[in-house]
Amino acid sequence: MSTKLCASDLVPAGFTAERITRVGDETCILLSRTDATAACPACGRMSRTVRSRYCRQVADLPLSGRRVRLLVRTRRFACDAVLCGKQIFAERFGDVLPPYARRTGRLEHVVHHLALALGGRPAARFAQRLMLPVSNDTLLRVIRRQGLPPSAPPSVIGIDDWAWRRNHRYGTIVCDLERRRPVSLLPEAWLRQNPQIQIVARDRGGAYGLAAARALPDAVQVADRWHLMENASRAFLDAVRKSMRQIRKTLGATRVDPKLLTAAERLQYEGYLRREQTNAAIMALSKDSMTIKEIVRLTGHSRGLVRQVLRGQRNDVFRSRESSLEMYLEWLDAQWAAGRRNGTELWRRLRTQGFRGSRRVVSEWATRRKRADKADADTLTRTFSARTIARLLTTNRDNLTKSETVTIAAIESGVPLLIAARDIITDFHVMVRRKMESQLMPWIDRARDSLVASFGNGVVKDIKAVRAAIASPWSNGQTEGQITKLKLVKRQMYGRGKLDLLQARLIGAT
């Protein structure tokens, strides 16, 4: 069907609709310009000389559930300027139809915001429903081409790393903390190009501090408060690991009789003895003034393992694994004292109490009790792990069971250095939360002679950033949130490894 139309709201300004044709589910509109002249894009001289014509095909917004294709009759003009390098040029249509575009400006605007809101594949599927067929890559290219409108350069930024692919490839994100949006994925070169930055919030990684100091020597670096708190808690956990032998001695659980172990516990105990031999060999080599590299080359162990042994982080004790009988031990002890010592009979009675374990578990417990009674020895006392002890030591007493309270009381009286380290870490948390910057130096003096001295030394090395973290309102939490948002964006990506498209999608995010 062919129809003649006058200018209307459906036709872009400056055009005349010559014909409308419907072909299948598509509406084709033939347009032409009303102006008799056109300006040369090189020199700006107006020309009236038309040399030829051709037809451009561009997509436009849908109409009544049908796709719309504009057939724009485009003229080629001759430039009369003698010194102009362009002899022939095609007329320009401004923002209505950009040069070389295959979509109108208003359709490009819709596609851009659709891609910003949904990403690649979801936006492509939704656009198909809207009669705007565009591909995943087209949506991402639109974001990369347009991005965000220019804004004032940032003065407060946050820096953090994130994984393109975990354990294989990492990148760095820079966020504008005042406007709450990412601005770049490549840090140091970008920092050098923005000397107006005054504050850099970062985590406690030394590489970021060094890069910021080189690129922006006058900027104030702020350590992330969450990382400070987490590092302090980890330092206390390391202190508990170093004190595990003293803790076990305090609890009276230093004796291990292999005859009283079950088959699974015996395998665990043999592995514990091998680890102890490894630790002793590494410590002996260290006492001979050998470096970590030499110890690694001589023993064949990894550098990380050797470093853990030398720092005392692998100096644990043997702990029997937790049994499914833990909550029934008091009942079993009462039955044992009453003379009921048959493992099968105890298992049957225990089933009525709600126990769902196998008969072998109860039989092994009964056999170990018989051997302990016969040898006049104590049964193996189970010791909490270092992580559990650290949690119990920092938990309110009202939230502990009676047995846990007795255990913690014994540790507090038997291992005073560990309790002093706990108080130091607690004071550090309070100092950061309440922004008590004046107590930082006295706290460092207390930490130097404690089990958390390594954490205190790390604070001293980064003291300016730590001091700013306590006093400044800025932190790196926004950057962590943008990384979470970036992970969601990466899931929407079409394909993998498209760094430039992902960077465009990230910078285009609002």
Should the pair Arg234-Glu230 be classified as a salt bridge under the 4.0 Å nitrogen-to-oxygen rule? yes
What I'd like to find out is whether the side chain of Asn194 reaches to under 4.5 Å of the side chain of Ile197, using heavy atoms alone. yes
Between SG on residue Cys28 and CD on residue Gln57, distance to nearest 0.5 Å: 7.5 Å
May I have the step-by-step check of side-chain contact (heavy atoms from CB on, under 4.5 Å) for Arg67 and Asp25, ending in yes or no? CA-CA 7 Å; Arg67 291 182 296 173; Asp25 61 346; 3.6 Å; yes
Counting distance only, does the side-chain N/O of Ser472 pair as donor-acceptor with the main-chain N or O of Ala469 below 3.5 Å? no
side-chain contact (heavy atoms from CB on, under 4.5 Å) evaluation trace for Val220 with Trp474: CA-CA 11 Å; Val220 177; Trp474 299 107; over 6 Å; no
Could you check Asp423 against Thr426 for side chain to side chain donor-acceptor pair (under 3.5 Å), going step by step and ending with a plain yes or no? CA-CA 5 Å; Asp423 296 339; Thr426 302; 5.2 Å; no
Report yes or no: is the cationic atom of Arg51 (NZ for Lys, CZ for Arg) under 6.0 Å from the centre of the six-membered ring of Phe77, at an angle within 45° of the ring normal? no
Scanning both residues in full, the closest heavy-atom pair of Thr104 with Leu97 reads CA-CD1, 4.4 Å
Mind listing the closest non-hydrogen atom pair of His429 and Ser233 along with its distance? CE1-OG, 3.4 Å
Looking only at heavy atoms, the pair that brings Arg48 and Ala36 closest together is NH1-CB, 4.0 Å
Determine, stepwise, if the pair Ile282 / Ile295 fulfils side-chain contact (heavy atoms from CB on, under 4.5 Å). CA-CA 7 Å; Ile282 293 175; Ile295 296 176; 4.3 Å; yes
If every non-hydrogen atom of Thr74 is compared with every non-hydrogen atom of Ala90, which pair is closest and at what distance? CG2-CB, 4.4 Å
With sequence neighbours excluded, what pairs up with Ile463 under the side chain to side chain contact (heavy atoms under 4.5 Å, CB included) test? Leu440, Met441, Ile444, Arg467
Tell me, do Ile408 and Thr395 make a side-chain contact under 4.5 Å, heavy atoms counted? no
Would you give the length of the straight line joining atom CZ of Arg422 to atom CG of Asp427, rounded to the nearest 0.5 angstrom? 10.5 Å
Is any side-chain heavy atom of Leu392 closer than 4.5 Å to one of Leu400? yes
Can you tell me how far the CG atom of Leu63 sits from the OG1 atom of Thr27, to the nearest 0.5 Å? 6.0 Å
Are the side chain of Asp176 and the backbone N or O of Glu178 linked by a donor-acceptor pair below 3.5 Å? yes
Heavy-atom pair with the smallest gap, counting every atom of Ala386 and Val240: O-CG1, 3.5 Å
Could you grab the distance from atom CZ of Arg19 to atom CG of Leu31, nearest 0.5 Å is fine? 10.5 Å
Does atom CZ (Arg102) have a neighbourhood of more than 12 heavy atoms from anything else shown, all under 6.0 Å? no
Quick check: does any side chain N or O of Glu404 sit under 3.5 Å from a backbone N or O of Thr401, one acting as donor and the other as acceptor? yes
Basic-acidic side-chain contact under 4.0 Å: Arg202, Asp462: yes
Gln87 atom CD, neighbour heavy-atom count above 12 within 6.0 Å: no
Just wondering, do Ser47 and Cys79 contact through their side chains at under 4.5 Å, heavy atoms? no
Using the side chain to side chain contact (heavy atoms under 4.5 Å, CB included) criterion, which residues pair with Arg297? Sequence neighbours excluded. Lys293, Glu294
Arg397 atom CZ, neighbour heavy-atom count above 12 within 6.0 Å: yes
Side chains of Arg75 and Arg33: does their closest heavy-atom pair fall under 4.5 Å? yes
Is the NZ atom of Lys435 crowded by more than 12 outside heavy atoms at less than 6.0 Å? yes
Looking at His109, I'd like to know if its NE2 atom is crowded, meaning that more than 12 non-hydrogen atoms belonging to other residues, nucleotides or ligands lie closer than 6.0 Å. no
Check: Phe236 ring centroid to Phe455 ring centroid under 6.0 Å: no
Do Asp203 and Thr479 have side chains that approach each other closer than 4.5 Å (heavy atoms only, starting at C-beta)? no
For residues Arg387 and Arg241, determine if any side-chain heavy atom of one lies less than 4.5 Å from a side-chain heavy atom of the other. yes
Looking at side-chain heavy atoms only, is the closest gap between Ser243 and Leu451 below 4.5 Å? yes
Hey, are Gln198 and Ser155 close enough side-chain-wise for a donor-acceptor pair under 3.5 Å? no
Rounded distance (nearest 0.5 Å) linking atom CZ of Arg76 with atom CD of Glu91: 11.0 Å
Take Glu108 and His112 through the side-chain contact (heavy atoms from CB on, under 4.5 Å) test and state the conclusion after the steps. CA-CA 6 Å; Glu108 185 83 356; His112 179 220; 5.6 Å; no
Between Val111 and Val134, what is the shortest heavy-atom contact and its length? CG2-CG1, 4.4 Å
Quick check: does any side chain N or O of Gln478 sit under 3.5 Å from a backbone N or O of Cys175, one acting as donor and the other as acceptor? no
Salt bridge check: are Asp60 and Arg69 linked by an N-O gap of less than 4.0 Å? no
Euclidean distance, Leu83 CG relative to Arg45 CZ, rounded to 0.5 Å: 10.5 Å
